[in-house]
Amino acid sequence: MATTIVMPQMGYDMREGTVVKWYKNEGEQVDRGEIIADIQTDKATVEFEAYVGGVLGKIYAAEGVAIPVGETIAVITEPGEDVPVEENESVTSSVESSETLSTSEPDKDNADSSSIPGSENSTPVSSLSTEEHASPVEGVRASPLARRLAKERGIDLSTVNGSGPGGRIVEKDIDGYNGAPVVVASGINITQADAVTTEPLSSMRQAIARVTVGSKTTAPHFYVTSEIDMLKAVAFRQEINDVLTDGTRVSINDLIIKAAALALKKFPKFNAFFKDNTLEFHSSMNIGIAIALPSGLMVPGINNCELRTLSDIAKASSDLISRANEDNLTNEEYTATTFSISNLGMFDVESFSAIIFPPHAAVLAVGSVKDQPVVRNGELGISKIMKATLSVDHRVADGAEAAEFLVEIKSLLESPVLLVV
Amino acid sequence: MSTEMTYRQAICQGLTEALDEDPRAYLMGEDIGPYGGAFAVTQGFWEKYGPRRIKDSPLSESAFVGAGIGSAMAGLRPIVEIMTINFSLLAIDQIVNHAAKVRYMSGDQFSVPMIIRTVTGAGASVAATHSQSFEGWYASVPGLYVVVPSTPEDALGLFRSCRELMDPVMFVEHILLYGSRGQVSEGVKIPLGKADIKKEGSDVTIISYSKMVQNSLEAAAMLENDGINAEVVDLRTLRPLDVETIIKSVKKTHRAVVVEETTKFGGFAGEVVSIIQQEAFDYLDAPVERVAGEEVPIPYSMPLEKLAIPDTQRIVSAVKKLI
């Protein structure tokens, strides 16, 4: 829409001003905030900034001529827009009377209705033909259907090119719409078509979609986060790996699995399933570990983690990971889990919240172990900190219980010798 | 089972059934007796049913339509023929102020179960006073049914339903359709107020009735060559009007052209356009087009008459304006 630029009031007693210099010519691009003129008042000459961007459509105030405050000095239009005709200018619109006979066939044009007796002045409508002679429509020209579709799809009609009669935006323009032309402040239009392609979801992706939506929509999640000092755990892991001779390597994650299993033993609610209005408790701590694969995500489990030694868990988890990558897992391995752990530590992630893997009551999400300043006994020191976030189904447990459970895991990891006694 | 017959034969069969099945039924009109009717619909009736049931009337539409109304109120089932709809103007007071109002004005004590058969349309070079199409006017009158069949099957099927009504019907036949042929299904009966999709399509809906349905179908066939798949809706009855079918079709195709034979200004097509914009506005991808007659008395001259009424090419052009 065109914006009328008026002589500004620059000082309470200013009555008129004079444009002493225009920095832009008619037709030139103007950015918002750009100085377009120098305006002289009784007191000073002031730089005048455009308060909208666009094209300087017309200059009304000639240089050196005093103009009263509030009078139009220029019009800024949008690119391609005509300068509106001022009321005081003579209107020379091109509305013509059209023929009374239909003009769909050329030979019919020659049939003059007035030659038929009784037809004089018989046209009851004052002829104002549409399309060709109509004055330009303000704003965007679009069919009702196109408007509705654009609204439904959140498309800004001013960015769509119309292919219908008279440039009207019609349904197919919306269907074929590939993103808005990007208008850059410099005024250069860059139209980068967004190439949309689709690919069908793999069955695993579909399953993930189904399971996560099911979990998030039925299990009310809440989240509890704690910082765990892993200094001792890291050293403890090194110590174990130094003494293992069969090539087994215990990972930080294996320590977390073991800690979780022991904590679950103490807080069995988090090893339970919410079923209708009952809680189904499980005596086995079968802990699922989330494994990222190129095709998606799997959560195979290690059974009876509460009974296994750390090296057992380490062997089982490395076996699961390698077989998951070979797509060689059995159905039972990812259906019998009772709790799960998702670890993004290898990705330099501080912390995140995981979606509970149904029918579990909770999932533990752990981030990277990082060197961080800590205060220990009033002294500043450096330690290895890991953030762990527990997602809990609120139907099963409340915040305080979740806190206690998480702190139990924290205590075990901070005194890792407890994992082996 | 279906039989091929002409539009004339279909109406003739409808009349025969009425006379054979209902002793209260009788026909009345100008030249319908020994002459056999101006459009030869009642040929042989006088010989078969005799002057008591096939009544030749004097040339006074007001008188014989009034007589029909009276006999209907008294319990008979008159089928009155007004030679053409142009002459119905002489009886318009009887039709609008009496036939259509008696039930209402008498507090339902009387009804007028009468079928007025009449003939509409131009194209026969019978000049300005014999070539008009007033069915749209009658459609504006509460208390009347207005039936405008375009095929033999619709003519017979609708006529059978009209016989069951207890209110007056304007059964409007088209002057150029009497010789048209079509299959008529055995036992066909078509309820009033039910439009018919004469051709299914996806790109535009052409809405018309009576003779203009034939032009619309021809236009649709021509459009097919240009890759435009038009749907043709035959209204079949103007009152009651099947809004549902119109709107469903327009919501599907997103474009509409309404075709009628008579002058555009104040025409029935305007009512259809109004309904479309009201009920399907957010489904329209183009303005609704109207194809109608020119604002002139229908000329006697054949070439000029052709120009004054819509033809197939004009429907094609109107559709192309929208796509």
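By the 4.5 Å heavy-atom criterion applied to side chains, Phe281(B) and Arg148(A) are not counted as neighbours. No side-chain heavy atom of Leu284(B) sits less than 4.5 Å from a side-chain heavy atom of Ser143(A). A 4.5 Å side-chain heavy-atom check between Pro287(B) and Arg168(A) finds at least one atom pair inside the cut-off.
Heavy-atom contacts from other residues, nucleotides or ligands closer than 6.0 Å to CG of Asn97(B) number more than 12. Applying the 6.0 Å contact sphere to CD of Glu28(A) captures more than 12 heavy atoms from other residues, nucleotides or ligands. Within a 6.0 Å radius of NZ in Lys248(B), no more than 12 heavy atoms belonging to other residues, nucleotides or ligands are found.
Of the possible polar contacts, one joining the Asp285(B) side chain to the Glu171(A) backbone as a donor-acceptor pair under 3.5 Å is found.
Among residue pairs with one or both ends in residues 196-208 of chain B, those qualifying as side-chain hydrogen bond (donor to acceptor under 3.5 Å, both in side chains) are Asp154(B)-Lys198(B), Asp196(B)-Lys198(B), Lys198(B)-Asp234(B), Lys199(B)-Glu224(B), Lys199(B)-Asn229(B), Ser202(B)-Asn229(B), Thr205(B)-Ser249(B), Thr205(B)-Thr253(B), Ser208(B)-Ser216(B); sequence neighbours excluded.
We find the CZ-CG distance between Arg255(B) and Leu145(A) to be 8.5 Å, quoted to the nearest 0.5 Å.
By the ring pair (Phe, Tyr, Trp, His ring centres under 6.0 Å) test, His130(B) pairs with Phe87(B), sequence neighbours left out.
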